[in-house]
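What follows is a set of notes on a single structure, which appears directly below.
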Amino acid sequence: MEEAVLLKVSPQGIATISLNRGELHNALDDKMVDLLTATLETLAEDDSIRVVVLTGEGISFSAGHDSAWLRRLTEFDESQQRRDAQRLSRLLETLDHLPKPTIARVQGSAFGIGAALVACCDVSISVFEALFCFSDVKLGIIPALAAPYIMRAIGPRAARRYFVTAERINAGKARRLGLIHQTVENDELDDAVEHMCRQLLLNGPHAMVAAKQLIRDIEHRDIAPAVIDLTIDRMVALRRSDEGQEGVRAFLEMRKPGWID
């Protein structure tokens, strides 16, 4: 049986993870969720990895839950349901907190949890033909696990509409809402992702991780003395770090910093 998740690493340290159930529109089941989580956790610990790209094989990025998995879930008791929800929640949290810059290469439509995977990435680039949807209410349930990540991306007002209506959202509207950062033609997708990878490789690896952490730490807090103190502490720590020292010296000496080959 083919692996449900493929991993390819370039010499530059760009890891591309491909959801590999194209015939099933890359719908996720429990085994695929565990494999994707384990892959992300392995990449998180690998210092040679500089950028992580998440994409899908076939015409869809991810259709969300696999129907066979949903069928099994209906037979679970409450404790089994909770363990299964924790498994999927761990995947989203692992991707969202990954200590590497992440790019969603959205080559096709993303529904439900598939759209949440997009929202968990730092940068999202989609083809114009992609559609997005949260159709859970049509099944009498709600997109609870996806909600924190989708609401952060599109805001509660838009979430109220699209969680309740289960309308399909085209890529242009997804970009205006904030779920997608960039929309391109199909034949431009690889070039757009490659350009973004090159941009990220110019930046200090530890600085990008620190920038992601800073956003998480202050995004829901008022601008108060404690927050100001936190930002000062982070700035001083990065300026005094080896990477910060090297970056500033390279700028002043008009040369490339050591992390650029």
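- If you chain together hydrophobic residues whose side chains sit under 4.5 Å apart, L91 and M32 fall into the same group.
- Between the side chains of S18 and N20, no donor-acceptor pair is found at a separation under 3.5 Å.
- Of the inter-residue distances, the one linking D217 atom CG with K212 atom NZ reads 13.0 Å to the nearest 0.5 angstrom.
- One finds no salt bridge joining D34 and K31 here, because no Lys/Arg side-chain nitrogen approaches an Asp/Glu carboxylate oxygen to under 4.0 Å.
- V52 and V193 are not part of a single hydrophobic cluster, where members link through side-chain heavy atoms under 4.5 Å apart.
- Within a 6.0 Å radius of CD in E78, no more than 12 heavy atoms belonging to other residues, nucleotides or ligands are found.
- Taking both residues in full, the closest heavy atoms of V106 and F61 are given as CA-CD1, 3.9 Å, listed atom of the first, atom of the second, then distance.
- F111 and L92 are members of different hydrophobic clusters when ILVMFWY side chains are connected at heavy-atom separations under 4.5 Å.
- Between D222 and V227, every side-chain heavy-atom pair lies at or beyond the 4.5 Å cut-off.
- Using a distance-only test at 3.5 Å, with no hydrogens or angles considered, a donor-acceptor pair links the side chain of Q245 to the main chain of R239.
- Side-chain contact between C197 and V53 is present, with at least one heavy-atom pair separated by less than 4.5 Å.
- Shown here is F76, whose CZ atom has more than 12 heavy atoms of other residues, nucleotides or ligands within 6.0 Å.
- When every heavy atom of A85 is checked against every heavy atom of L145, the shortest pair comes out as O-CD1, 3.7 Å.
- Contact record, V209 with P99: CG2-O, 3.1 Å, taken as the closest heavy-atom pair.
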L88 and W69: CA distance, side-chain angles, deciding distance, side-chain contact (heavy atoms from CB on, under 4.5 Å) verdict: CA-CA 12 Å; L88 193 47; W69 188 20; 4.2 Å; yes
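- Looking only at distances, no side-chain donor or acceptor of Q107 sits under 3.5 Å from a matching main-chain atom of V127.
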Pair T74-L70, side-chain contact (heavy atoms from CB on, under 4.5 Å): steps then yes or no: CA-CA 7 Å; T74 62; L70 279 177; 5.8 Å; no
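- The pair R90-E93 does not count as a salt bridge, with every side-chain nitrogen at least 4.0 angstrom from each carboxylate oxygen.
- Here the closest non-hydrogen pair linking D47 and K100 is CA-NZ, 4.0 Å.
- Minimum heavy-atom separation, R21 to A27: NH1-O, 2.7 Å.
- S241 and E243 form no side-chain donor-acceptor contact under 3.5 Å, judged by distance and modelled atom types alone.
- One hydrophobic cluster, built from ILVMFWY side chains closer than 4.5 Å, cannot hold both I218 and M208; they sit in different ones.
- In terms of modelled atom types and a separation under 3.5 Å, the side chain of H181 and the main chain of I125 share no donor-acceptor contact.
- The main-chain N or O of G13 is never found under 3.5 Å from a side-chain atom of R50 such that the two would form a donor-acceptor pair.
- Proximity of L230 to L214: side-chain heavy atoms (C-beta onward) are separated by under 4.5 Å at one or more points.
- I260 contributes atom CD1, which lies 13.0 Å from atom CZ of R198 (distance to the nearest 0.5 angstrom).
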Residues T16, L6; criterion side-chain contact (heavy atoms from CB on, under 4.5 Å); working and verdict: CA-CA 8 Å; T16 300; L6 300 178; over 6 Å; no
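- Counting non-hydrogen atoms of other residues, nucleotides and ligands closer than 6.0 Å to CG of D242 gives a total of 12 or fewer.
- Counting non-hydrogen atoms of neighbouring residues, nucleotides and ligands closer than 6.0 angstrom, the CZ atom of R216 exceeds 12 such neighbours.
- Under a 3.5 Å cut-off, the side chain of Q182 and the backbone N or O of A192 do not form any donor-acceptor pair.
- Taken from CG in L40 to NE2 in H97, the straight-line distance is 13.5 Å, to the nearest 0.5 Å.
- H65 pairs with exactly one of L28, I113, I141 by the side-chain contact (heavy atoms from CB on, under 4.5 Å) rule, that one being I113.
- Under the 3.5 Å distance criterion, the side-chain polar atoms of N26 are matched with a main-chain donor or acceptor of E57.
- Cluster annotation: I49 and L201 are assigned to distinct hydrophobic clusters (Ile/Leu/Val/Met/Phe/Trp/Tyr, side-chain heavy-atom contacts under 4.5 Å, transitive).
- Side-chain N or O atoms of S62 include none that pairs as donor or acceptor with a backbone N or O of A110 at under 3.5 Å.
- With hydrogens and angles ignored, the 3.5 Å screen pairs a side-chain donor or acceptor of N170 with a backbone N or O of G172.
- Rounding to the nearest 0.5 Å places CG of L200 at 8.0 Å from CG of D122.
- For CD1 of I223, the number of neighbouring non-hydrogen atoms (other residues, nucleotides, ligands) closer than 6.0 Å is 12 at most.
- For R255, the CZ atom sits in a packed shell: over 12 heavy atoms of surrounding residues, nucleotides or ligands are nearer than 6.0 Å.
- Heavy-atom contacts from other residues, nucleotides or ligands closer than 6.0 Å to CZ of R160 number 12 or fewer.
- No hydrogens or angles considered: nothing links the side chains of Q80 and R83 as a donor-acceptor pair under 3.5 Å.
- Note on R105 versus D190: salt bridge recorded, some NZ/NE/NH1/NH2 to OD/OE distance being below 4.0 Å.
- Rounded to the nearest 0.5 Å, atoms CG (L19) and CG (L54) are 5.0 Å apart.
- Within the 4.5 Å cutoff, no side-chain heavy atoms of C120 are placed close to those of T102.
- Taking the side chain as every heavy atom from C-beta outward, H206 and W259 never approach each other to under 4.5 Å.
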From CA spacing to verdict: side-chain contact (heavy atoms from CB on, under 4.5 Å), K173, L177: CA-CA 6 Å; K173 184 173 290 184; L177 289 172; 4.1 Å; yes
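- Classification of D29 and R72 as a salt-bridged pair fails, no side-chain N sitting under 4.0 Å from a carboxylate O.
- Of all heavy-atom pairs spanning L73 and Q81, the tightest one is O-NE2, 2.6 Å.
- Expressed to the nearest 0.5 Å, how far CD of E167 lies from CG of L131 amounts to 12.5 Å.
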